[in-house]
Amino acid sequence: MAIQSVRGMKDVLPPEAPRWQFIEATAREVLESFGFAQIRTPVLERTELFARSIGEDTDIVEKEMYTFADRSGEAVTMRPEATAGIVRAFLEHSLYATPGPHKLYFLGPMFRHERPQKGRLRQFHQIDVEVLDDAGPQVDAELHVLVDHLLTRLGLSNVKLVINSLGCPQCRPAFKQALVEYFQGQKARLCPDCLRRLAHNPLRVLDCKVEGCKAAAKGSPLISQFWCPDCRTHFDEVRRLTEMAGVSFETNPRLVRGLDYYTRTTFEVKTGELGAQDAVAGGGRYDNLVEALGGPARPCTGFALGLERLALLVPERPEWRQGPELFIVSLGEAPRRLAFYLCQELRKRRHMRVEMSNEDKSLKAQLRRANKDGARWVLFLGGEELSSSQAQLKQMSQGRQFEVAMGRVGDFFKNLEGPEMDNKVLAGIIDDFVDAICAKIKTG
RNA sequence: GUGGCUAUAGCUCAGUUUGGUUAGAGCGCCAGGUUGUGGCCCUGGAGGUCGAGGGUUCGAGUCCCUCUAGCCACCCCA
């Protein structure tokens, strides 16, 4: 067997490319209208950056990173997520010194060494959206509006925005402690995984899918009972503004996120159509990360969209399958040269999608290809057309055919002596022809 | 990282249970039926180291082992 791609790394082939282009173009347009500017950071970062931002004992850092020593022996990692690199750039270039908010977006590949499934690859792509240096509930709500609007523009319908607030360093410790105490009394009902979680990340017990754990979590304390006044006010305002903007959402006090740096507002967009990979977007506020990475206190919030998952959900659009506007069928050597030249001219001057057959195939074969390519018009260039100075233009969808005067093209070719074409002369002649064709195609 | 299912033509899949001549179908592709007219129809053709490697056997697509990849669930996440 020939060489295969690396596990979990997928090719996007030409038929799928328009889907990606549509998603990316729509995202750029929406993001820019919301005032976001693009930032591009490197794939490789120092390993330490991720260990410190994502959290030492998260799954990502413990077992999923592509980490290696480069040729100088430095520990580097292919980014498993975008936020850390963006915050690093924010600090490295002292962007915090200019007044916020800094609204940034990022689009690119991420790498996690997980077991691949549908909608889960080892190299996958995210659109990342970050608002740096703004603590206000407005930006949280704005991100909800943004993600809702973007998904609507992409044509997704069966999605649900779920939000929660995880509190802050003032109030979360008390909640965590209460949670641990509560589950200590429920130990008998918890699965082995949750017993482990109880020790190092008790919040995760809340969204375990095992029945026993779900039952045990039913009567657990809720973060909402522990929010400090500031967190409560903040989250209430986020919800009020999101609601006012007409974005529907659901508050789920058991929504927990895996990365250590989250504070206050967190959210996910879920779909029912991807099995276990039900999150198409997720994110939240990370008010303490910049400081934790050695910078000044700068509250931030952001989220990421999974492009592969979006690509699986975005409905097909007819404009993705557009064939050439014109296909030139030529018969014989001289007509084929003229066709070649015409092709280039129409592309350069009229930005027209034009194709032709380069081989000396039968008319039938050329027409079959024009049909398969989805060409709207076919131009016939053969001996008859050249000698009569009348080109034939066929409208494929209707099966109708028209005669178009060729001006002096035919004469020129009849008088053509050497094998070399005088491009200057030909170009002038072809202009008339081009106009005739364009006029015909426009009115058709 | 754990467990399960799967891998046969470019694509979707039969054939594997009961090992036995040249491994099939549909779609797609190419050509012809039309000396210069597509789609529909008809006819013909090309295309397969049966995922890879090893083993059992007189004989393996079929049985056994290993590996690789995909899918599903878990873990976790976009």
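In what follows, every chain begins at residue 1, and chains take the letters A, B, ... in the order their sequences are listed.
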Using atom [atom1] in both nucleotides, what's the gap between [N] and [M] to the nearest angstrom?
{"N": "B:rC71", "M": "B:rG15", "atom1": "P", "result": "24 Å"}
{"N": "B:rA69", "M": "B:rG45", "atom1": "P", "result": "40 Å"}
{"N": "B:rA9", "M": "B:rU49", "atom1": "P", "result": "9 Å"}
{"N": "B:rA78", "M": "B:rG38", "atom1": "C1'", "result": "45 Å"}
{"N": "B:rU56", "M": "B:rU62", "atom1": "P", "result": "15 Å"}
{"N": "B:rA73", "M": "B:rC30", "atom1": "C1'", "result": "45 Å"}
{"N": "B:rC50", "M": "B:rG24", "atom1": "C1'", "result": "12 Å"}
{"N": "B:rU17", "M": "B:rG55", "atom1": "C1'", "result": "22 Å"}

Check: Pick one: which of A:Glu24, A:Glu308, A:Arg309 meets side chain to side chain donor-acceptor pair (under 3.5 Å) with A:His125?
Finding: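 Testing each of A:Glu24, A:Glu308, A:Arg309 against A:His125, the sole residue satisfying side chain to side chain donor-acceptor pair (under 3.5 Å) is A:Glu308.
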Next item on the list: Please say which of A:Asp134, A:Thr265, A:Asp140, A:Thr263 ends up in a side chain to side chain donor-acceptor pair (under 3.5 Å) with A:Arg285.
Entry: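 Exactly one pass, corresponding to A:Asp140.
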Note to self: Taking any heavy-atom pair under 4.0 Å as a contact, classify A:Gln401: base, sugar-phosphate, or nothing.
What the structure shows: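 A:Gln401: base contact, heavy atoms under 4.0 Å.
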Next item on the list: Select base, sugar-phosphate, or nothing to describe what A:Phe303 touches, counting heavy atoms under 4.0 Å on all strands.
Entry: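 A:Phe303: no heavy atom of the nucleic acid under 4.0 Å.
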Margin query: For a quick test of reading the model, state the closest non-hydrogen atom pair linking A:Val129 to A:Leu143 and the distance between them.
Written below: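 Heavy-atom minimum between the residues: CG1-CD2, 3.9 Å.
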Notebook entry, point to check: Can you give one letter per nucleotide of nucleotides 70-78 of chain B, going 5' to 3': B for a protein heavy atom under 4.0 Å from the base, S for sugar-phosphate only, - for none?
Noted result: SSBBBBBBB
Determine whether the aromatic ring centres of [X] and [Y] lie less than 6.0 Å apart.
{"X": "A:Phe22", "Y": "A:Trp320", "answer": "yes"}
{"X": "A:Phe249", "Y": "A:His144", "answer": "no"}
{"X": "A:Phe226", "Y": "A:Phe175", "answer": "yes"}

Checklist line | Residue among A:Leu331, A:Asn371, A:Ile328, A:Val378 satisfying side chain to side chain contact (heavy atoms under 4.5 Å, CB included) with A:Gln366 | finding: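 Among A:Leu331, A:Asn371, A:Ile328, A:Val378, the one that satisfies the side chain to side chain contact (heavy atoms under 4.5 Å, CB included) with A:Gln366 is A:Leu331.
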Close N or O pairs between protein and nucleotides 42-45 of chain B (under 3.5 Å):
none

Item checked: Counterpart residues, side-chain hydrogen bond (donor to acceptor under 3.5 Å, both in side chains), relative to A:Arg172 (two or more places apart) ->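 Residues passing side-chain hydrogen bond (donor to acceptor under 3.5 Å, both in side chains) with A:Arg172: none at all.
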Note to self: Tell me whether the rings of A:Tyr66 and A:Phe111 are parallel (<30°), tilted (30 to 60°) or perpendicular (>60°).
What the structure shows: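 Rings of A:Tyr66 and A:Phe111: perpendicular, as their planes differ by over 60°.
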Notebook entry, point to check: Distance only, no hydrogens: is a donor on one side chain within 3.5 Å (strictly under) of an acceptor on the other, for A:Ser220 and A:Arg254?
Noted result: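 A donor-acceptor contact under 3.5 Å links the two side chains.
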Check: When you check the side-chain N and O atoms of A:Arg353 and A:Gln322, is any donor under 3.5 Å from an acceptor?
Finding: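 Yes - a donor-acceptor pair under 3.5 Å links their side chains.
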Note to self: For Watson-Crick and G-U wobble pairs within 3.5 Å on both distances, what is RNA chain B written in dot-bracket notation, | included for inter-strand pairing?
What the structure shows: (((((((..((((......[...)))).(((((.......))))).....(((((..]....))))))))))))....
In whole angstrom, give the distance that lies between atom [atom1] of [X] and atom [atom2] of [N].
{"X": "A:Gln4", "N": "B:rG53", "atom1": "CD", "atom2": "P", "answer": "13 Å"}
{"X": "A:Gln398", "N": "B:rG39", "atom1": "CD", "atom2": "C1'", "answer": "13 Å"}
{"X": "A:Leu13", "N": "B:rG10", "atom1": "CG", "atom2": "P", "answer": "15 Å"}

Next item on the list: For A:Glu250, check salt bridge (charged side-chain N to carboxylate O under 4.0 Å, His left out) against everything at least two apart and list the hits.
Entry: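 Expected list: A:Lys160.
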Got a list of protein N/O to nucleotides 30-35 of chain B N/O distances below 3.5 Å?
residue	atom	partner	partner atom	Å
B:rC30	OP2	A:Lys372	NZ	3.0

Note to self: Nearest 0.5 Å, please: how far is CD1 in A:Ile60 from CD in A:Glu114?
What the structure shows: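 Interatomic distance, A:Glu114 CD to A:Ile60 CD1, rounded to 0.5 Å: 7.5 Å.
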Notebook entry, point to check: Counting only heavy atoms not in A:Tyr182, do more than 12 sit closer than 6.0 Å to its OH atom?
Noted result: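 Result for OH/A:Tyr182: enclosed.
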